[in-house]
Amino acid sequence: TVQFEMWDSDEPVPRLELLKKVKGCDGILCVLTEKIDAQLLEAAGPNLKVVSTMSVGFDHLSLDELKKRGIRVGYTPDVLTDCVAELTVALLLATSRRLIEATHEAKTGGWGTWRTLWLCGHELANSTVGILGLGRIGVAIAERLKPFKVKKFIYTDVAPRPELANMIEAEYVSFDELAKQSDFLAVCCALTQETHGICNWNLFSKMKKNAIFINTSRGGVVNQEDLYEALSTGLIAGAGLDVTTPEPLPTHHPLFTLKNCVILPHIASASYTTRNAMSALAANNLLAGLRGEPMPKELKL
């Protein structure tokens, strides 16, 4: 039997409360709102054997600290791939075809007579789609976009990923070429020291004026000040974000004032099916870790 204590609220557990409760624990099941860092691991003490996170991202975990203490880590890849890819496509289309703007116009009396170029957007047919960080999710996005008659897929990663790229016939290009060639740029990389703030003025200034930028990875990969500049000066056509820094993004943030920026409240994995699968996998990872058995999905440190 496992004795467990649960924080029974949709609000994140207050930090001091968390530090108090982890004392003496053998295992911790967390979500991405919790920083699992040296301070928390110290508070937990020497009994802690396993941390299981209900997420595919692990930028909220101090991997060095966990490795140093020999603590095993479980996470939830694969089970959310389809769901995230589906939302990414929805966000891409909503942004490029200006759906949020359009519903607002219809609702508030902006819908007059038919006008030639009113609310015109950018289409996927014959376009070049760029993927920053080609993992399972990037491949799944490309597979879904292919039927839209996309002309070509290109990608950038730390190194070429031929086995994944072949599945979608994607061409490996430099970061600069990704910026220059992409009509649509989807960011689906992990947040690491290398990718932190990588989508900045350097990237946006090289992109096409008609380019659409989509981020469903982590807010930290984008320099939001630079993105605001790029969007407000017409340097790029639009941006769709499911992730921001911080989260939630304050309602008075300048990005919310832009018509060509669609911001969602981090809902990429929010389907009933997927959240249930994530919960079950996170629990099974934790239990396997406590028993000293192989986890269904272990993050190799």
For L255 and Q224, what are the C-alpha separation, side-chain angles and deciding distance, and is it a side chain to side chain contact (heavy atoms under 4.5 Å, CB included)?
CA-CA 8 Å; L255 284 173; Q224 290 177 170; 4.2 Å; yes
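Other residues, nucleotides and ligands contribute more than 12 heavy atoms inside 6.0 Å of the NZ atom of K146. Annotation for F148: atom CZ does not count as buried by contact number, only 12 or fewer foreign heavy atoms lying within 6.0 Å. The environment of CH2 in W111 is sparse: at most 12 heavy-atom neighbours from other residues, nucleotides or ligands sit within 6.0 Å. Heavy-atom contacts from other residues, nucleotides or ligands closer than 6.0 Å to CZ of R275 number more than 12. Around atom CZ of F256, more than 12 heavy atoms belonging to other residues, nucleotides or ligands sit under 6.0 Å away. Within a 6.0 Å sphere centred on CD of E143, heavy atoms belonging to other residues, nucleotides or ligands number more than 12. Other residues, nucleotides and ligands contribute over 12 non-hydrogen atoms within 6.0 Å of the CG atom of D176.
The heavy-atom pair separating R161 from Y155 by the smallest distance is N-OH, 2.8 Å. Nearest approach of A239 to L227, heavy atoms of both residues: CB-CD1, 4.1 Å. Contact between I131 and C188 at its shortest, heavy atoms only, is CG2-SG, 3.6 Å. Considering every non-hydrogen atom in both A38 and R69, the closest pair reads O-NH2, 4.0 Å.
Ionic pairing of E86 and R144 is not present here: no N-O contact between side-chain nitrogen and carboxylate oxygen is shorter than 4.0 angstrom. Using a 4.0 Å cut-off between charged side-chain N and carboxylate O, E177 and K206 make no salt bridge. With respect to K151 and D183, no salt bridge is recorded, no charged nitrogen being found less than 4.0 Å from a carboxylate O.
With N200 contributing its side chain and G197 its backbone, the two residues share a donor-acceptor pair below 3.5 Å. Looking at E247, its side chain does come within 3.5 Å of a backbone N or O of T244 through a donor-acceptor pair.
For the side-chain contact (heavy atoms from CB on, under 4.5 Å) with L264, the lone residue among T216, L241, D242, I100 that qualifies is D242. R218 pairs with exactly one of T245, T195, D59, T192 by the side-chain hydrogen bond (donor to acceptor under 3.5 Å, both in side chains) rule, that one being D59.
Sorted by first and then second residue, the pairs that involve residues 287-301 and meet salt bridge (charged side-chain N to carboxylate O under 4.0 Å, His left out), not counting sequence neighbours, are R72-E298, D78-K297, R291-E293, E298-K300.
Taking the six-membered ring where the residue is Trp, the centroids of F213 and F184 are separated by 6.0 Å or more.
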